Enquirer: 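I have a structure I would like to understand better, so I am pasting it below and will then ask my questions one at a time.
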Amino acid sequence: MNYTKNTKMSKYAALRSVMKHFVAIEQEEGVGAHVRRSIGSMNMRRFPPFLMLDDFTLKPPAGFPDHPHHGQETITYTLEGMIAHEDFTGSKGVLHPGDLQFMTAGRGIVHSEIPVALENGGYTNGLQLWVDLPSKSKDCEPRYRNLRREETPEVKVNNDLKVRVISGKSYGVNSLTELAYTPINFYHFITGKKGTEFLQEFPENFNVFLYIMKGSVILNDEVFSKHCAIFFNNDGTAVSGASAADNTEFVLVGGEILDQEVVQHGPFVETSRERMMAVFKNYQYGMNGFEKAHSWSSTIARGVSEKEVKDFDN
Ligand code: MN
């Protein structure tokens, strides 16, 4: 075990060691969407409770038109551009840079996620994380919680370190709570000068990973670059390191380990083959939550402009 040298931050935090790391390779998903998938790829099938992490870059007409979900929560974090969203209950929304959406698919949802055609012609970039739902909550009512940029506190630790506390506690600052059914800690680290040190504690029963959006990070004398996903062992109470380039940005995310079977078929996630067969049936016959699955189609699937999203409810 490694012990942190920075006694100011945490006196005897035992640091987690790196279990595995790799650079997420770009692939095509949805309709012409470019995603760098780390969790949910051949390199890391799943990392309980996490089922998928995509770093997506979209420009119309690319997107994720009408598709179903069951049995997981999706967390969408918009970094650049705008994402419009519409589901079969009639709700419509738009996410701006810094906004997040926590969606609980529960027993079933059909929705569309489409980048807004921006007046400046720019693209939309963000992260989408899938979190498994505890077995007992798989059939809960679907829900959304939008977390606006201004609702996530940003801690200015020093001139070279800021942390956006999306979920959890960092440098003494707490986020809003109870955003997801499965306990999640989610932090966005933004550093200035190369060599900026950071430390983040996590509960010991959490799986923790780090994903680099910009620059590079040094952990235990090893340098990791942009688009690298780093997975930690459960052998310590904190993650600590330093930026290895100016203007580095990464997310540090932890989730309470779920000890349950995962049977996944695309966007459907269950705990047994029998339960999965029932979900297929519900979807196919439009029942048990999927009543509107086949009569509904979104208005945004073929594209949506900046002007049009101004009228969206949230
Ligand atoms: Mn979706």
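Just so it is clear, the structure is predicted and the values come from calculations on it, not from any experiment. We count ligands from 1, going down the list as the structure has it; atoms in each ligand are counted the same way.
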Enquirer: What N, O or S atom of E113 is found closest to the Mn ion (ligand 1)?
Expert: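 The atom in question is OE1.
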Enquirer: Strictly below 4.0 Å, N to O, side chains only: are D87 and K292 in salt-bridge contact?
Expert: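 Result for this pair is no, no salt bridge flagged.
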Enquirer: Using only N, O or S atoms, tell me which atom of H69 is closest to the Mn ion (ligand 1).
Expert: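 Of all N, O or S atoms belonging to H69, NE2 is the one nearest the Mn ion (ligand 1).
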Enquirer: Would you say H265 has more than 12 foreign heavy atoms packed within less than 6.0 Å of its NE2?
Expert: no
Enquirer: Salt bridge between D235 and R16, side-chain N to carboxylate O under 4.0 Å?
Expert: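 Looking at D235 and R16, the cut-off is not met.
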Enquirer: Which angle, to 10 degrees, forms at the Mn ion (ligand 1) with NE2 of H67 on one side and NE2 of H111 on the other?
Expert: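 If I round to 10°, I get 90°.
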Enquirer: Please determine, by modelled atom types, if S298 and D66 share a side-chain donor-acceptor pair under 3.5 angstrom.
Expert: yes
